Amino acid sequence: MSELRNLRVALLGSGSVGSQVARLLLEHSEELSARIGAKLELAGIAVRNLDAKRDVELPQELYTTDAERLILGADIVVEVMGGIEPARTLILTALQQGSDVITANKALLAAHGEELQAAADRVGAQLSYEAAVAGAIPIIRPLLNSLAGDNIKRAMGIVNGSTNYILDSMDRFGQTTEEAMQIASDLGYLEADPTLDVEGYDAAQKAAILARIAFHTELPADAVYREGITKITAEDIATAKQNGQTIKLLAVVERVEREDGSEGVSARVYPALISREHPLAAVHGGKNAIFVEAESAGELMFYGAGAGGVETASAVLGDLVSAARRHVAGGPGVSFKSYANLPVLTIGEILTAYQLRLTVADQPGVLQQIAGVFAENNVSLATVQQSPSKDTADAATLVIGTYRAREAELKATLERIAALDAVLSVDSTLRVAEVSA
Ligand code: NDP
Ligand code: HSE
């Protein structure tokens, strides 16, 4: 039997994800070789600090601080160091020399995905990033390959585990935002800068990557409309519960038909009310899920671990095996084309149903006055619930649900309502997730 060919793998980073990638590569080396038809040789691991104490024990001689040197001549480069630089330059160098690159770096892909893909295409190398969106969940490859013959209408997902953990703990265990956030931090779900999670930046980066692939359209992360979860209160969660709903931070990427019949793409991240009967409402703790609606395939749900070292390493290894098989089979890597480049719509162009909670004076005629403002602004009311205010004497809490309305019209309505003497406070404004009939 002929000797199996060696494929040199350079690993950039040995943190939560990288250390697990290295461990799995070494522990499962024979099985991986059998699946690939070539041996994966871990050529080295680039880190910042050679003396750092590490949770996963790996041969010390593999470590280096010279990432530039490590990638020279590598067949496959795995980037799990994070951040923009030096990751971007290292990946570009690797691609230019014809190495396949696997990255889990959502921030880099959201900002420079087009540049990296172009560099891969120039030499026929493969750029893969399954782990960048929703950790272990296969979503990139299904969109790129399995659904390549279909048309995606919408993908709506929970793509940030820590905010899901926080909202879910508030909903199920009655924890305060602060309590839930502390536990999410202790469990290691939060980014080093938790603002990235709670203000929706992390989810927006993932939404940008999803929108790009689903709609073949370049879409930078800062074109994603973004609201985080910091304004969500225990009262919002309780009201949602009473109405058979829960609140989730949703990333929604959608192909939208405009009034003139032309098409555009919308990508947005915000906390939204969703029926407890929707599959996304059953995504608990730090788990992620993406609900995809395709023209022919219909509704598909992808669920699992959105973070975690070993879980994310599984997705990296999947890309690694795939890249290695390409080396064995020969031929260029599968390219990705943003051929459609649909216009990216602003949030003002999107129709959404809303739910508002107001504290109003408990007097005759107030409801009529408020309903009049909605009508004047072209926002149609769907439901109105009134109950005595728990906090304010002689006041009532109004929970008003609207039909789909434009952001601009809703804003104008809210401004007028807030200025009414009878309206004591506008306590919350939440979007309601759109679900198929
Ligand atoms: P960590 O911070 O745990 O690890 C980063 C690793 O990269 C460390 O080993 C660090 O070295 C090394 N590193 C950082 N900068 C440099 C540099 N300039 N030169 C050499 N080495 C460097 O990150 P994670 O493993 O958590 O994340 C890695 C990537 O995976 C990120 O892009 C992240 O967004 C993505 N990701 C992570 C998930 C997770 O659950 N953790 C889930 C999905 C994606 P040293 O150890 O010496 O400090
Ligand atoms: N902070 C991220 C999350 C990690 O909470 O989902 C995985 O990308």
Side-chain angles (χ1 to χ4, degrees), residues 10-23 44-56 58 62-71 77-91 102-112 129-137 139-140 157-168 180-181 183-185 187-207 209 228-229 249 251 269 283 285-290 304-316 319:
L11 180 60
L12 308 180
S14 190
S16 310
V17 181
S19 59
Q20 293 296 336
V21 170
R23 180 182 68 77
I45 310 173
V47 290
R48 270 177 304 213
N49 177 6
L50 288 177
D51 302 321
K53 197 176 161 325
R54 303 192 181 275
D55 297 339
V56 179
L58 297 164
L62 286 175
Y63 292 113
T64 174
T65 52
D66 193 347
E68 288 88 353
R69 184 137 175 233
L70 177 64
I71 63 173
V77 173
V78 178
E79 185 276 306
V80 279
M81 56 178 23
I84 303 297
E85 288 295 354
R88 173 180 157 273
T89 303
L90 288 166
I91 290 178
I102 290 131
T103 176
N105 195 333
K106 60 223 163 183
L108 179 64
L109 286 161
H112 298 282
Y129 40 91
E130 184 61 72
V133 178
I137 304 175
I139 180 66
I140 302 293
I158 296 166
V159 294
N160 181 271
S162 42
T163 47
N164 197 53
Y165 184 88
I166 293 166
L167 294 172
D168 191 49
M181 201 161 151
I183 300 171
S185 168
L187 288 168
Y189 291 162
L190 288 163
E191 299 289 317
D193 172 6
T195 317
L196 296 176
D197 295 302
V198 295
E199 294 293 1
Y201 291 98
D202 174 81
Q205 288 167 352
K206 293 165 180 167
I209 299 169
I229 64 161
L249 183 73
V269 167
V283 177
K287 287 283 197 296
N288 284 194
I290 297 126
V310 71
E311 293 87 346
T312 307
S314 160
V316 173
D319 279 347

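All values below come from the heavy atoms of this structure, side chains included, with hydrogens, waters and symmetry mates left out. All ligand and atom numbering here is 1-based and tracks the order in the structure. All figures in this text were calculated on a predicted structure; none of them were measured in a lab.
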query = Taking only heavy atoms of Asn105, which atoms of ligand 1 are found under 4.0 Å from at least one of them?
reply = 32 (O)

query = Which residue supplies the protein heavy atom nearest to atom 12 (C) of ligand 1, what is that atom called, and how far is it?
reply = Gly13 CA, 3.8 Å

query = When you measure from atom 11 (O) of ligand 1 to every protein heavy atom, which one gives the shortest distance, and what is it?
reply = Arg48 N, 3.2 Å

request  = Apply side chain to side chain contact (heavy atoms under 4.5 Å, CB included) to Leu58 and Ile45, showing your working.
outcome  = CA-CA 10 Å; Leu58 297 164; Ile45 310 173; 3.9 Å; yes

inquiry  = With heavy-atom distances below 4.0 Å as the criterion, list the atoms of ligand 1 near Pro86.
reply    = 18 (N)

note = Closest to atom 34 (O) of ligand 1 (heavy atoms only, candidates Lys206, Glu68, Lys106) is Lys106

ask   = So is Ala307 polar-close to ligand 2, meaning N/O to N/O under 3.5 Å?
value = no

query = N/O to N/O below 3.5 Å, does that happen between Lys206 and ligand 2?
reply = yes

task = Please could you name the atoms of ligand 2 that Gly306 approaches to less than 4.0 Å, counting only its heavy atoms?
result = 7 (C)

query = So which heavy atom in the protein is nearest atom 36 (N) of ligand 1, and how far is it from that ligand atom?
reply = Ala104 O, 3.9 Å

query = Taking 4.0 angstrom as the limit, do Glu191 and Lys106 come out as a salt bridge?
reply = yes

inquiry  = At less than 4.0 angstrom from any non-hydrogen atom of Val17, what atoms of ligand 1 do you find?
reply    = 25 (O), 37 (C), 38 (C), 39 (C), 41 (N)

message = Show the atoms of ligand 1 that are less than 4.0 angstrom away from any heavy atom in Gly82.
response = 31 (C), 32 (O)

ask   = What's the verdict on side-chain hydrogen bond (donor to acceptor under 3.5 Å, both in side chains) for Ser162 and Asn160, showing C-alpha distance, side-chain angles and the deciding distance?
value = CA-CA 6 Å; Ser162 42; Asn160 181 271; 3.0 Å; yes

request  = Check whether any heavy atom of Gly135 sits under 4.0 Å from an atom of ligand 2.
outcome  = no

message = Suppose I only count heavy atoms of Gly161 and a 4.0 Å limit; which atoms of ligand 2 are within that range?
response = 3 (C), 5 (O), 6 (O)

key: ligand 1 atoms in contact with Gly308 (distance to a heavy atom under 4.0 Å)   = 39 (C), 40 (O)

remark   = Residue, atom and distance of the protein heavy atom nearest atom 19 (N) of ligand 1 read Met81 CE, 3.5 Å

note = Atoms of ligand 1 under 4.0 Å from any heavy atom of Ala131, numbered from 1 in the order shown, are 43 (C), 44 (C)

ask   = Just distances here: any N/O of Tyr189 and N/O of ligand 2 closer than 3.5 Å?
value = yes

ask   = Are any of the protein's heavy atoms under 4.0 angstrom from atom 23 (O) of ligand 1, yes or no?
value = no

request  = Taking atom 7 (O) of ligand 1 as the reference point, report whether a protein heavy atom occurs under 4.0 Å from it.
outcome  = yes

note = In this structure, CG of Leu190 is separated from OG1 of Thr195 (nearest 0.5 Å) by 9.5 Å

task = Pick, from Val47, Asn49, Thr64, Val316, the option with the minimum heavy-atom distance to atom 20 (C) of ligand 1.
result = Val47

request  = Determine whether more than 12 heavy atoms belonging to other residues, nucleotides or ligands lie under 6.0 Å from atom CG of Asn49.
outcome  = yes

message = Can you name the atoms of ligand 2, numbered from 1 with element, that are less than 4.0 Å from a heavy atom of Asn160?
response = 2 (C), 3 (C), 5 (O), 6 (O)

message = Quick test: of every protein heavy atom, which one is nearest to atom 9 (O) of ligand 1, and how far off is it to 0.1 Å?
response = Ser14 N, 2.8 Å

task = Kindly identify the option in Glu311, Glu191, Lys287 whose heavy atom sits closest to atom 2 (C) of ligand 2.
result = Glu191

key: Nearest neighbour in protein (non-hydrogen) for atom 46 (O) of ligand 1   = Arg54 NH1, 2.8 Å

ask   = Numbering the atoms of ligand 1 from 1, which are under 4.0 Å from a heavy atom of Ala307?
value = 40 (O)

task = Supply the atom-to-atom distance Ile229 CD1 to Met181 CE, rounded to the nearest 0.5 angstrom.
result = 7.5 Å

task = Could you list which atoms of ligand 2 come closer than 4.0 Å to a heavy atom of Asp197?
result = 1 (N), 2 (C), 3 (C), 5 (O)

